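Read through the structure below, which is laid out as structure tokens, and then see the notes.
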Protein chains: 2
Amino acid sequence: MPKSATRIQQKNQAAIMTAGLEVFSQFGFRGSTLDQVADAAGLSKPNLLYYFPSKDAIYTALLARLLENWLEPLHQMNDAGDPVEEILGYANRKLTMSRDFPRESRLFANEILQGAPRIKDVLAGELRALVEAKATVIKRWIAEGKIKPVDPVHLIFSIWSLTQHYADFDVQVRAILGDTDPFDTAETHLNDVFRRLLTP
Amino acid sequence: MPKSATRIQQKNQAAIMTAGLEVFSQFGFRGSTLDQVADAAGLSKPNLLYYFPSKDAIYTALLARLLENWLEPLHQMNDAGDPVEEILGYANRKLTMSRDFPRESRLFANEILQGAPRIKDVLAGELRALVEAKATVIKRWIAEGKIKPVDPVHLIFSIWSLTQHYADFDVQVRAILGDTDPFDTAETHLNDVFRRLLTP
DNA sequence: TGCTTATTTGACCATCTGGTCAAAGACACG
DNA sequence: CGTGTCTTTGACCAGATGGTCAAATAAGCA
């Protein structure tokens, strides 16, 4: 049985994950250095490598933790609920994630931009299966006349892109909006978009 | 007066730009190496540095060229045209750019993800001004009842995110869609989205 | 052809980077 | 307090990386 991590281990492992998230989400895997991560974690480099065997291990651990949370909001979409509200609810959950976890969003974006070398199988496996399952539900909703006809998979892509945009392109959004908080106005806008797209 | 570049200069400078685009768009500035770029250009590293003074110079040149083309499609939106068609036309032009110039899109995405250190001023200056100008036009269209009420700036964000998604998240999109070509179905979908959002 | 300029290259350098290791310091617990 | 374990660190290493330079080679042109 694995010995439970000591207090110090818990603290430092958490610090490293946070630091890694901060650094990797900004520069990507290859653009980040162990020194940067160690700095951000307030540890020396050898000390950092006492807790994780390699740079890759930190990055992989981050990606693994991320993927868990990433699919969750889509899972929550309930095929027994009201179609328009279920889809809007999903979009709103994703937007909230963009606001509360922008670094996670950017880490994911970085990985995808670089060709998703470490998670291509998850995308083509778990994610694809989940999307297809939800697409089937959406198709049923369309057949039942509960929502207007729409390509279900592209609808999901739209939710992803419209919500993640506010995290991934944050600097651009803020450069244009100035002092206005992006997320307040974004929520209203996205609800407009999806309601008009879907309400029969 | 600057001597016109020789045939060899033109060829090699072009090769370097293409190679740099290929490499930088995948790994970002810090994640890319001169050796990679030199390899992709079919030149030795010192030879590459004979044409560009530094890694930074190549990257900056690429960004500069990119920004020119990036704003162009939005400029083309004609305030005297039919509102819905003008906005859809812009979205379609952007989608076409995502299909034909995905590396440019990813280069831009990488730069923004990293906090846009080299182009923040362009975003807050030229881009912001352009967006504000077009937002004014859109507001007028709304006031005239030509399109449904919508937040003009977020509308523009939506066009960006929905279209660039197909270039930036290409691997994810293809992992989910399988053999289907993303862009054929995307075009129909995006027209649905914007028509339902805007048509009064 | 010969001569000038443009191009290419191999060898080289300082710095950075991921990672190792042995020794020193801090903790926990009897 | 003492002792065994956990944690931290300074010194170090091999390879990668951005960049330089003098010398060799190829074009261009009179």
Side-chain angles (χ1 to χ4, degrees), chain A residues 1-64 107 110-111 114 117-118, chain B residues 1-64 107 110-111 114 117-118:
Chain A
M1 59 186 120
K3 301 202 170 175
S4 66
T6 69
R7 180 175 45 85
I8 296 177
Q9 273 165 20
Q10 296 210 328
K11 191 193 66 172
N12 282 344
Q13 271 161 8
I16 292 168
M17 292 291 266
T18 304
L21 181 60
E22 183 68 32
V23 175
F24 286 129
S25 68
Q26 205 176 132
F27 303 109
F29 179 71
R30 296 191 37 182
S32 305
T33 74
L34 278 179
D35 286 298
Q36 280 178 292
V37 178
D39 259 20
L43 298 173
S44 66
K45 188 169 57 170
N47 198 9
L48 185 152
L49 287 165
Y50 171 74
Y51 291 100
F52 284 84
S54 67
K55 180 185 178 185
D56 210 288
I58 303 172
Y59 186 75
T60 304
L62 277 169
L63 268 188
L107 183 76
N110 249 312
E111 174 69 11
Q114 294 176 17
R118 294 149 216 268
Chain B
M1 59 184 119
K3 301 202 171 176
S4 65
T6 69
R7 181 175 44 87
I8 295 177
Q9 273 164 21
Q10 295 210 330
K11 190 193 68 172
N12 282 344
Q13 271 160 9
I16 291 168
M17 292 291 267
T18 304
L21 180 60
E22 183 68 32
V23 174
F24 287 129
S25 69
Q26 205 177 135
F27 302 109
F29 179 72
R30 297 191 35 182
S32 305
T33 75
L34 277 179
D35 285 298
Q36 281 178 292
V37 178
D39 259 20
L43 298 173
S44 66
K45 189 169 56 171
N47 198 7
L48 184 153
L49 287 165
Y50 171 73
Y51 290 100
F52 285 84
S54 67
K55 181 186 177 184
D56 209 288
I58 303 172
Y59 186 74
T60 304
L62 277 169
L63 267 188
L107 184 78
N110 250 311
E111 174 69 12
Q114 294 177 18
R118 296 150 214 267

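Chain identifiers are assigned alphabetically (A, B, ...) following the order of the sequence lines, protein sequences preceding nucleic acid strands; residue numbering begins at 1 within each chain. Keep in mind the model is a prediction, meaning the values are calculated, not measured.
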note = Per-nucleotide protein contact along nucleotides 22-30 of chain D, 5' to 3', at a 4.0 Å heavy-atom cut-off (B base, S sugar-phosphate only, - neither), is -----SS--
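Looking at heavy atoms from C-beta onward, Asp39(B) lies out of side-chain contact with Val23(B) at the 4.5 angstrom threshold. Contact check for Ser32(B) versus Arg30(A): no side-chain heavy atoms found under the 4.5 Å cut-off. For the pair Tyr59(B) and Leu107(B), the minimum side-chain heavy-atom distance is below 4.5 Å.
Distance, Arg30(B) CZ to dG18(C) C1': 14 Å, rounded to whole Å. One interatomic measurement links the two molecules: CD of Gln10(A) to P of dC27(C), which rounds to 17 Å at whole-angstrom precision. Per the geometry, CD belonging to Gln36(B) stands 13 Å off C1' belonging to dG18(D), to the nearest Å. Counting to the nearest Å, the P atom of dT8(D) and the CG atom of Asp39(A) are 16 Å from each other. Atom P of nucleotide dC16(C) and atom CG of Leu34(B) are separated by 16 Å, given to the nearest angstrom.
Residues satisfying the side-chain hydrogen bond (donor to acceptor under 3.5 Å, both in side chains) criterion with Asp56(B), sequence neighbours excluded, are Thr60(B), Arg118(B).
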task = Go through the steps to decide whether Met17(B) and Tyr51(B) satisfy the test side-chain contact (heavy atoms from CB on, under 4.5 Å), and finish with yes or no.
result = CA-CA 11 Å; Met17(B) 292 291 267; Tyr51(B) 290 100; over 6 Å; no
task = Please report the C-alpha distance between Leu48(B) and Asn12(B) in whole Å, then the side-chain angles of each, then the deciding distance to 0.1 Å, and finally whether the side-chain contact (heavy atoms from CB on, under 4.5 Å) criterion is met.
result = CA-CA 8 Å; Leu48(B) 184 153; Asn12(B) 282 344; over 6 Å; no
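Dashed line: the shortest gap from a side-chain N or O of Asn12(B) to OP1 or OP2 of dT8(C) is under 4.0 Å. Note on Gln9(A): every side-chain N or O is 4.0 Å or more away from OP1 and OP2 of dC6(D).
Residues from residues 40-56 of chain A placing a heavy atom under 4.0 Å of any atom in DNA chain D, listed by number, are Ser44(A), Pro46(A), Asn47(A), Tyr50(A), Tyr51(A).
Closest approach of Leu34(A) and Ile58(A) over heavy atoms only: CD2-CD1, 4.2 Å.
Classification of the Phe24(A)-Phe29(A) ring pair by plane angle, with boundaries at 30° and 60°, yields parallel.
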